[in-house]
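Taking it in order: structure first as C-alpha cells, then the write-up.
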Amino acid sequence: MYTDALLKDILTRTKVIAVVGVSLNPVRPSYYVARYLSLKGYRVIPVNPGHAGKMLFGETVQASLSDIEGEVDMVDIFRRPEAVPAIVEEALTVFTDLQTIWMQIGVEHAEAAAQAEARGVTVIQNRCPKIEYQRLFGELRQGGFATGIISSKL
C-alpha cells in the first residue's frame with residue numbers, strides 16, 4: 001500500500017514528531033517507539049493529558065496538540081481509531097505546515113485520513129515508524145527484529 005520510497009522520504013524529511021497517547025511506562029509500545037525516535041535524532045513532543053507537565057525524553061509532556069509551541073512535521077497517533085478524527089482535526093487546525101499524520105499499528109480511520117489528505121497532508125495508517133525506520137535504514141536483523149542480544153547461537 002505504501003511504497004518504501006514514500007516511507008523513507010517521510011522519515012528523512014521529518015524533524016519534529018508529536019506523539020499523541022504516549023505512555024510514561026517503559027514497557028508500553030508508545031513509550032519505546034517515542035524513545036527510539038528521539039534517540040534517532042527526531043525532536044519528539046509527548047502528548048498525553050494524564051501526564052501533562054512531566055518530562056519525557058527531554059521534553060515536557062503536553063496536554064494536547066494545541067499546547068505545543070511551534071510547528072510539528074508529523075503527528076504519530078497511539079490512540080484507538082474512534083479518537084482519531086478529533087486528533088486529526090486539531091492537528092490540521094494547529095499546525096499549518098503539518099506534513100504527515102501517522103497512525104500506529106491497529107489504528108485506521110478512512111474519513112479522518114481523507115480529511116487530512118484533502119489538505120495535502122500525507123497519511124500513513126496501521127504502520128509503526130520505528131519498525132519502518134529499522135527496516136528501511138538497515139537496522140533489522142535476519143529474524144525481522146533487533147534483539148539487542150549478541151550471541152553466536154543465532
Side-chain angles (χ1 to χ4, degrees), residues 1-137 139-140 146:
M1 185 175 177
Y2 306 110
T3 66
D4 286 355
L6 171 66
L7 296 172
K8 197 167 192 175
D9 179 57
I10 291 167
L11 294 169
T12 302
R13 72 177 185 233
T14 298
K15 304 294 180 237
V16 181
I17 304 171
V19 180
V20 179
V22 73
S23 173
L24 271 62
N25 182 342
V27 301
R28 299 292 305 220
S30 62
Y31 176 93
Y32 60 78
V33 168
R35 179 177 181 272
Y36 177 86
L37 294 171
S38 73
L39 291 172
K40 289 299 165 189
Y42 297 99
R43 178 179 177 211
V44 174
I45 303 172
V47 179
N48 184 324
H51 298 295
K54 296 177 183 169
M55 295 297 291
L56 192 63
F57 317 125
E59 294 281 344
T60 303
V61 179
Q62 302 297 318
S64 70
L65 293 173
S66 300
D67 294 331
I68 296 173
E69 293 182 19
E71 283 296 321
V72 164
D73 302 315
M74 177 195 296
V75 173
D76 184 14
I77 303 174
F78 271 98
R79 296 285 314 279
R80 295 175 193 262
E82 55 268 22
V84 168
I87 294 166
V88 169
E89 193 170 315
E90 183 181 16
L92 294 174
T93 301
V94 174
F95 306 120
T96 56
D97 295 331
L98 184 66
Q99 298 171 10
T100 309
I101 297 277
W102 193 302
M103 300 179 215
Q104 284 296 143
I105 293 171
V107 182
E108 294 182 83
H109 199 286
E111 294 82 10
Q115 180 187 4
E117 288 168 343
R119 291 272 301 274
V121 175
T122 303
V123 178
I124 305 296
Q125 300 183 79
N126 197 28
R127 294 283 185 102
C128 175
K130 174 184 181 289
I131 292 170
E132 297 304 329
Y133 188 99
Q134 289 175 317
R135 183 175 69 81
L136 294 167
F137 294 93
E139 292 189 11
L140 287 181

(message) I'd like to know whether Ile77 forms a side-chain contact (heavy atoms from CB on, under 4.5 Å) with His109, so could you lay out the CA-CA distance, the side-chain angles of the two residues, the decisive distance to 0.1 Å, and finally the verdict.
(response) CA-CA 11 Å; Ile77 303 174; His109 199 286; over 6 Å; no
(request) Show your working on side-chain contact (heavy atoms from CB on, under 4.5 Å) between Leu65 and Thr93 and close with a plain yes or no. (result) CA-CA 10 Å; Leu65 293 173; Thr93 301; over 6 Å; no
(request) Carefully, step by step, assess Leu24 and Val61 under the rule side-chain contact (heavy atoms from CB on, under 4.5 Å). (result) CA-CA 10 Å; Leu24 271 62; Val61 179; 4.3 Å; yes
(request) Would you sort out whether Thr60 and Met55 count as a side-chain contact (heavy atoms from CB on, under 4.5 Å), showing the intermediate values? (result) CA-CA 5 Å; Thr60 303; Met55 295 297 291; 3.3 Å; yes
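The shortest non-hydrogen separation linking Val44 to Glu59 is O-CG, 3.1 Å. Between Gly70 and Phe95, the shortest heavy-atom contact is O-CE2, 3.7 Å. The heavy-atom pair separating Ser23 from Asn25 by the smallest distance is OG-N, 2.9 Å. When all heavy atoms of Asn48 and Gly50 are compared, the closest pair comes out as OD1-N, 2.8 Å. Smallest separation of non-hydrogen atoms from Val94 and Glu71: O-OE2, 4.3 Å. The shortest heavy-atom contact between Val22 and Pro46 is CG1-CB, 3.3 Å.
Put simply, CD1 on Ile101 and CE on Met74 are 10.0 Å apart, with the number rounded to the nearest 0.5 Å. Ile124 contributes atom CD1, which lies 8.5 Å from atom CD of Glu132 (distance to the nearest 0.5 angstrom). Rounding to the nearest 0.5 Å gives a distance of 12.0 Å between CD1 of Ile45 and OG of Ser38. Residue Lys130 holds its NZ atom at 9.5 Å from NZ of Lys40, rounded to the nearest 0.5 Å. Residue Glu108 holds its CD atom at 4.5 Å from CG of Asn126, rounded to the nearest 0.5 Å. Between the CG atom of Asp73 and the CD1 atom of Ile17 there is a distance of 8.0 Å, given to the nearest 0.5 Å.
Summarising the local packing, CZ of Arg127 is surrounded by more than 12 heavy atoms from other residues, nucleotides or ligands at distances under 6.0 Å. More than 12 non-hydrogen atoms from other residues, nucleotides or ligands lie less than 6.0 angstrom from CZ of Arg13.
Distance alone, capped at 3.5 Å, is enough to place a donor-acceptor pair between the Glu90 side chain and the Ser66 backbone.
Here the rule is side-chain contact (heavy atoms from CB on, under 4.5 Å) with Val121, and of Val75, Leu92, Val88 only Leu92 fits it.
Annotation: side chain of Val33 is in contact with side chain of Gln104 (closest heavy-atom distance under 4.5 Å). Side-chain contact between Met103 and Val123 is present, with at least one heavy-atom pair separated by less than 4.5 Å. Using a 4.5 Å heavy-atom threshold, the side chains of Ile105 and Ile131 count as touching. Leu11 has its side chain within reach of Tyr42: a pair of non-hydrogen atoms, C-beta onward, lies under 4.5 Å apart. With contacts defined as side-chain heavy-atom distances shorter than 4.5 Å, the pair Trp102/Ile10 qualifies. Side-chain contact between Arg119 and Gln115 is absent, with no heavy-atom pair separated by less than 4.5 Å.
Ring geometry for Tyr31 versus Phe57: interplanar angle of 30 to 60°, hence tilted.
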